[in-house]
Amino acid sequence: MTSVAALEHDAQLMMRVREGDEASFALLLDRHRNAVVHFIYRMVQTQAVAEELAQEVFLRVYRSRTTYEPSAKFTTWLYRIATHLTLNWIRDHRSERAEAALPEPVENGPAREFVDRSSTIEEAMVREARFQEIRSAIQSLPEKQRAAVLMHKYQELEYSQIARALRCSESAVKSLLFRAYETLRLRLAHLS
Amino acid sequence: MNTTICPAKKNPELLVDYAAGRLAPAERRMVEDHAAQCTPCQDQLAGQVALWKVLDQMEAAPVSADFDRRLFARMAAERDASWWQRTVRWMLTWELPFAMRPAAALSLAGVLAMGLFLYQPGQEAGRVGTPATVESAATADNPDVESLEQALEDLELLQTASL
């Protein structure tokens, strides 16, 4: 998890971006680019769309630089923008997504990173099948539950940060997470 | 048995925080001690820990090598954009339902086109709308018409890009 010192450094960097320091923006980008893309990818399940939306997230951060105030953690603000854009995209493309329910085939997308690289082809296929099941289970969650799980599990955000990103209360976040994890426990029990 | 905490019944977030490794050591021991004597909590705790390990297996694909280059190119294009283009781009980021954005954009373009048609800078007062005025408005040298045409083309491109 990001240390307190690193979080303060994010706000300091953003204050320098506000003053016109683009090198600080590049540092922020380098620090958070992968996490934002991965978060959005796990929501939309398409790498190209995830990168496009992630670019829009950072563009909005850059456009807002002159009015930025460190009233909240930088990551809270960042994931609020990312969640907002991603949920809008999902809403706007709901009918297309219903038609294209299958995830991207591996051969048409960037290479997947497996936990164990020294595997036979059969083991790789079994592992890919497990990934598909996990992705499918997460994908089947209602959007807010999905976003809460991804921010909590993979971005390691605190309840208060997730609440601000989803524009709801902390108790609502805890409820979302509990229901989501309960669903996932049932659906993925055979994989554990 | 400690009945103050009982994740299965009272504090479900403790299950989640336990599996996520976010509990302080003392809290962690409290949950474990309770689970040792509460079967529902023991089952749910084991299930949540197992789920966490399953979710750990899901890796994401690497980000494209040219992600930063493309982003910086977009930032540079925005800095060099005319005020027309910035206005159109700002409008496309409105919090409008997707279906309404083309209609809103075309409405704005229509209002701007009407304004440009009625207002002809450099002409004598009272001659607005005359054939000579319309003719001069159509010349390629009129920067206002050029800017409007460019903005309308950009609008189409931006709408296409937003799809």
Side-chain angles (χ1 to χ4, degrees), chain A residues 1 22 25-26 29-30 33-34 36-39 41-42 47-48 50-52 54-56 58-60 62-63 84 88-89 91-93 104 109-115 127 130-131 133-135 137-138 149 152-154 156 158-159 173-175 177-178 181-182 184-186 188-189 191-192, chain B residues 7-22 43-79 81 86 89-90 92-101 161-163:
Chain A
M1 188 180 297
E22 298 210 349
F25 181 80
L29 176 65
D30 191 58
R33 174 213 314 111
N34 288 4
V36 169
V37 172
H38 293 162
F39 166 70
Y41 171 77
R42 289 181 176 115
Q47 186 70 9
E51 292 197 8
E52 183 66 27
Q55 293 220 337
E56 186 60 33
F58 288 105
L59 273 173
R60 293 204 179 191
Y62 185 72
R63 286 179 201 141
H84 179 68
N88 278 351
W89 186 90
R91 179 194 66 197
D92 292 342
H93 295 84
E104 285 184 335
R112 297 285 185 261
E113 292 181 12
F114 296 108
V115 173
R127 206 171 351 262
R130 284 171 72 93
F131 292 161
E133 271 209 74
I134 298 169
R135 278 195 285 267
I138 293 176
V149 164
H152 181 257
K153 167 62 183 149
Y154 295 106
E156 298 183 348
E158 296 167 11
Y159 291 125
V173 168
K174 290 177 183 177
S175 176
L177 284 172
F178 180 72
Y181 284 132
E182 195 171 44
L184 291 175
R185 275 202 303 274
L186 291 172
L188 299 174
L191 293 182
S192 57
Chain B
K9 292 179 186 171
K10 297 179 188 175
N11 336 81
E13 69 273 12
L14 286 178
L15 280 176
V16 172
D17 290 341
Y18 180 92
R22 296 191 190 185
D43 291 344
Q44 290 202 23
L45 205 61
Q48 185 66 23
V49 169
L51 173 65
W52 215 250
K53 289 179 182 169
V54 167
L55 294 179
D56 276 339
Q57 296 173 34
M58 194 170 87
E59 298 280 344
V63 178
S64 300
D66 64 343
F67 180 94
D68 289 6
R69 182 193 60 76
R70 287 185 284 120
L71 175 62
F72 290 133
R74 288 177 71 175
M75 287 164 58
E78 283 200 5
R79 278 194 297 272
R86 285 198 296 272
R89 186 174 295 114
W90 167 77
L92 285 176
T93 61
W94 280 353
E95 298 307 312
L96 290 173
F98 183 75
M100 286 182 62
R101 290 178 207 163
S162 68
L163 290 177

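Chain letters run A, B, ... following the sequence lines, proteins first and then strands; every chain starts at 1.
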What's the spacing between [X] [atom1] and [Y] [atom2] if we round to 0.5 Å?
{"X": "B:K53", "Y": "A:L191", "atom1": "NZ", "atom2": "CG", "value": "14.5 Å"}
{"X": "B:R74", "Y": "A:L59", "atom1": "CZ", "atom2": "CG", "value": "4.5 Å"}
{"X": "B:D68", "Y": "A:L29", "atom1": "CG", "atom2": "CG", "value": "4.5 Å"}
{"X": "B:Q48", "Y": "A:Y181", "atom1": "CD", "atom2": "OH", "value": "6.5 Å"}
{"X": "B:L51", "Y": "A:E182", "atom1": "CG", "atom2": "CD", "value": "11.5 Å"}

Contacting region of [X] [heavy-atom separation from chain B under 4.5 Å]:
{"X": "A:L186", "answer": "neither"}
{"X": "A:E22", "answer": "side chain"}
{"X": "A:A54", "answer": "both"}

Main-chain N/O of B:F72 paired to A:Q55 side chain as donor or acceptor, under 3.5 Å: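 No, because the side chain of A:Q55 does not come within donor-acceptor range (under 3.5 Å) of the backbone of B:F72.
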Side-chain donor/acceptor of A:E51 to backbone N/O of B:V63, under 3.5 Å: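 Pair absent, no side-chain N/O of A:E51 close to backbone of B:V63.
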B:W52/A:L184 under side-chain contact (heavy atoms from CB on, under 4.5 Å): CA gap, chis, key distance, verdict: CA-CA 10 Å; B:W52 215 250; A:L184 291 175; over 6 Å; no
Sequence-distant partners of B:D43, side chain to side chain contact (heavy atoms under 4.5 Å, CB included), two or more places apart: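 Listed in chain order: B:T39.
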Basic-acidic side-chain contact under 4.0 Å: B:R22, A:E156: no
NZ/NE/NH1/NH2 to OD/OE distance under 4.0 Å, B:E78 and A:R63: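 Yes, this pair counts.
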Chi angles and distances behind the side-chain contact (heavy atoms from CB on, under 4.5 Å) call for B:F67, A:R33: CA-CA 9 Å; B:F67 180 94; A:R33 174 213 314 111; 3.6 Å; yes
B:M75 and A:F58: CA distance, side-chain angles, deciding distance, side-chain contact (heavy atoms from CB on, under 4.5 Å) verdict: CA-CA 10 Å; B:M75 287 164 58; A:F58 288 105; over 6 Å; no
Stepwise side-chain contact (heavy atoms from CB on, under 4.5 Å) test for B:D17 and A:K174: CA-CA 10 Å; B:D17 290 341; A:K174 290 177 183 177; over 6 Å; no
With sequence neighbours excluded, residues passing salt bridge (charged side-chain N to carboxylate O under 4.0 Å, His left out) with B:D66: B:R69, B:R70
Intermediate values then yes/no, side-chain hydrogen bond (donor to acceptor under 3.5 Å, both in side chains), A:Y154 and B:D56: CA-CA 9 Å; A:Y154 295 106; B:D56 276 339; over 6 Å; no
